[in-house]
Amino acid sequence: DLAKELKFLQQRITMIDNEQMNDLQLEDVEDYSADYPPVGFPNAEENMAPMAGNSEDMAGYKSSKYRRSALATLVHNNKWSIAVLGVIVIVLIGVLAAAVGKDEARPSSSEAAGVPPVTHDPAGLDQDVLATFKSSLLAVYDRHNLDTTHLDDDQGDTPQRKAMHWMCTDPNVNSIEHTEKLQRYVLGVLFYATNMVPNDYAEEPSPWLKADNWITNAHSCDWMGVVCDDKKEIVSIDLERNRLSGKLPLELAIIGNKFKTLDFTSNLLHMKGMKDYDCFKSFTSMETLLMDDNYLYHKNGLPEQFRHMTNLEKLRLSYNLFEGVLESGENPVLGAMPKLTHLEIESNFISGTMPAAIGNLENLVYLYMRRNNMSYNLDFLKTGKLVDLFAMWLDSNAITGSIPTEIGLYTGLASLSLTNATLTGTIPEEMGQLTDLHRLWLYSNQLTGTIPAALGSLANLEVVELHNNKLTGQMPQGVCDSVGKADYEYKSLTSNCISEVTVNVVQNASNRAEASRRLLFDRDRDWRPITIQDLTIQNMNLHGVWTINKRGR
């Protein structure tokens, strides 16, 4: 039933178990079908499983994420046109609003949902308590070289003043243990700086979705999404998909040296100024930074402040607005992160070549760099240092040259995707050394030659897609057998070899065609085809007769 199928889609497939990392998984990026060819392919919308999570929470998430990315791209590439259109829309809205009248305007239930920020009138506070607390804050700001003017009376309702006023509703605030007092204040600034704060991409943002225990007298370690160590010091903040807007406040630097994990995935954060990222300088203990699916911008690749996170292991920044060269001699960010195991910067506007530093990341396990504006070759693989590499997806970039023979050194590689690029040359025989390879996508390139017979020895293959190339010869029988017996719902085998290709799909029989194949196999049956759901034959010089045995169907 549907519930069982959803549960199945949530399960991740554990592939490798070694002494250093026993939880490696093929991470099925939920929007892979967004650039998946061709239209009408079986299971095109669900050909890859969604990421782990509650099925109800994930409903509609895949498509909305890609639509937001597409919208951001549209705005990014058509700034002036959008600006003119925006002025016209504003004028039209004003005319319509005047015609309809104020009394008819009513907020919808969805707009009213969430946890909007509540402010406190400083006139109603104990002024001695407020003065003492402000004095202690000024000293902290000076130690961290932060701008104290945000606390000044003439600055209005800044997030810093809102947090300070909220803190001072407790008459005993100045007696709170120092670390807890600072943590509560910094979290308060974060709450007010990212709750219903408009930016270029969210003009009327909704309030935070949830905020259990936030802006209360509960210990900061008990606030939703906050994790502390045994010393009651904050080491992790997880506010994924919580409708944060605005930008991260620099005050995070006050307690940031203890942070190990920050997860702000899928929010509306927009950071673009050179100083907006200064708080990252203090995140020297950071191990995991997850900020994909926001509106983060930097014109010169990754912000140089990121290089202070020398202990970083997992960096996820996909679906943002970063542009420019990813790494340069003046901005050696990735080179300063030798512990990286997971690097994901997909669907941005990064240009230039693949940084040589990536080839020296000896701990790298996952490398996802699809859909950027980069132009590079695969020479970074020639170092042979990426011995732990498990999954590498570099699709939709201008990848020049050929696949180096050194690819055979990465015997732990389980998932390789190099599609919609400009690769030339042949598929190297050395790929037959990738004994753990499960999924291989090389379609839509300019690859020539035959499909290496060595691929037929790879017993773990689940997906092999080589169509839209200039390949010749036969598909190795071992490839067909491996994909056929694989217990993977979205297993797939496609190619478009110029000359005849033989694929045994039932015992002692074969299908032959000079056309693209779209074979769909039922994982609950033996190795045999089920009803054809889609058949595409295009751009072919067909001749002769195709005989179909209907067998009563």
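Owing to the predicted nature of the structure, the values given are computational and were not obtained by experimental measurement.
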N/O donor-acceptor pair under 3.5 Å between [X] side chain and [Y] backbone:
X	Y	answer
Asn311	Thr284	yes
Gln183	His219	no
Tyr295	Asp200	no
Asn373	Ser351	no
Ser245	Val197	yes
Ser415	Ala391	no
Asn267	Leu239	yes
Asn320	Leu317	yes
His438	Asp436	yes
Asp212	Met224	no

Exercise. So among Tyr192, Trp223, Phe191, which one has a ring-ring contact (aromatic ring centres under 6.0 Å, His included) with Trp208?
Worked result: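 So the option named by the test is Phe191.
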
Looking at [atom1] of [X] and [atom2] of [Y], how far apart are the two atoms once the value is rounded to the nearest 0.5 Å?
X	Y	atom1	atom2	answer
Arg184	Asp170	CZ	CG	7.0 Å
Leu182	Ile255	CG	CD1	8.0 Å
Ile234	Lys258	CD1	NZ	12.5 Å
Leu269	Thr265	CG	OG1	10.0 Å
Asp147	Gln160	CG	CD	8.5 Å
Phe380	Leu364	CZ	CG	9.0 Å

Grab the two heavy atoms, one from [X] and one from [Y], that are nearest each other, plus how far apart they are.
X	Y	value
Phe264	Asn294	O-ND2, 2.9 Å
Val189	Pro159	O-CB, 4.0 Å
Ser206	Arg243	CB-NE, 3.6 Å
Met337	Phe306	CE-O, 3.2 Å
Thr288	Leu312	N-CD1, 3.8 Å
Ala218	Asn213	CB-CG, 4.1 Å

Can [X] and [Y] be counted as having a side-chain donor-acceptor contact under 3.5 angstrom?
X	Y	answer
Arg370	Ser417	no
Ser282	Asn257	no
Asn363	Lys339	no
Tyr141	Glu251	yes
Ser220	Glu180	yes
Ser266	Arg241	no

Problem set entry | Met369: which of Glu344, Glu346, Met374 passes side chain to side chain contact (heavy atoms under 4.5 Å, CB included) |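 Among Glu344, Glu346, Met374, the one meeting side chain to side chain contact (heavy atoms under 4.5 Å, CB included) with Met369 is Met374.
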
Problem set entry | Asp388: which of Leu413, Leu361, Val365 passes side chain to side chain contact (heavy atoms under 4.5 Å, CB included) |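 Checked Leu413, Leu361, Val365 against Asp388; only one passes side chain to side chain contact (heavy atoms under 4.5 Å, CB included): Val365.
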
Could you label the plane-to-plane angle of the [X] and [Y] rings as parallel, tilted or perpendicular, counting under 30° as parallel and over 60° as perpendicular?
X	Y	result
Tyr201	His270	perpendicular
Tyr277	Phe322	tilted
Tyr366	Phe390	perpendicular
Phe283	Phe259	tilted

For this session: Would you mind listing every disulfide bond (SG atoms under 2.5 Å apart) that reaches into residues 174-263, with sequence neighbours excluded?
Result: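 Non-adjacent pairs meeting disulfide bond (SG atoms under 2.5 Å apart): Cys221-Cys228.
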
For this session: Would you sort out whether Thr216 and Asp222 count as a side chain to side chain contact (heavy atoms under 4.5 Å, CB included), showing the intermediate values?
Result: CA-CA 10 Å; Thr216 70; Asp222 295 326; over 6 Å; no

Please examine the side chains of [Y] and [X], heavy atoms only from C-beta on, and report whether any two atoms are closer than 4.5 Å.
X	Y	answer
Leu381	Tyr410	yes
Ile345	Leu302	yes
Leu190	Leu248	yes

For this session: Applying side chain to side chain donor-acceptor pair (under 3.5 Å), run through Tyr297 and Glu323 and close with a yes or a no.
Result: CA-CA 7 Å; Tyr297 172 80; Glu323 65 179 28; 3.0 Å; yes

For this session: Run the numbers on Glu240 and Leu290 for side chain to side chain contact (heavy atoms under 4.5 Å, CB included), then give the verdict.
Result: CA-CA 9 Å; Glu240 177 184 2; Leu290 311 178; over 6 Å; no

Exercise. Does Asp229 pair with Lys260 as a salt bridge, N-O distance under 4.0 Å?
Worked result: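 Salt bridge absent between Asp229 and Lys260.
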
Exercise. Would Phe280 and Met286 count as a side chain to side chain contact (heavy atoms under 4.5 Å, CB included) if you check the C-alpha gap in whole Å, the side-chain angles of each, and the deciding distance to 0.1 Å?
Worked result: CA-CA 9 Å; Phe280 289 88; Met286 186 75 72; 5.8 Å; no

Exercise. Side chain to side chain contact (heavy atoms under 4.5 Å, CB included) between Leu394 and Tyr376: does it pass, once the steps are laid out?
Worked result: CA-CA 11 Å; Leu394 305 178; Tyr376 55 87; 3.3 Å; yes

For this session: Begin with the C-alpha distance, continue with both residues' side-chain angles, and end with the deciding distance and a verdict on side chain to side chain donor-acceptor pair (under 3.5 Å) for Asp395 and Thr419.
Result: CA-CA 5 Å; Asp395 315 65; Thr419 72; 2.4 Å; yes

Problem set entry | Whether over 12 other heavy atoms sit under 6.0 Å from Lys247 NZ |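 For Lys247, atom NZ is not crowded (no more than 12 foreign heavy atoms under 6.0 Å).
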
Exercise. Does NZ belonging to Lys134 count more than 12 external heavy atoms closer than 6.0 Å?
Worked result: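 Above 12, so yes.
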
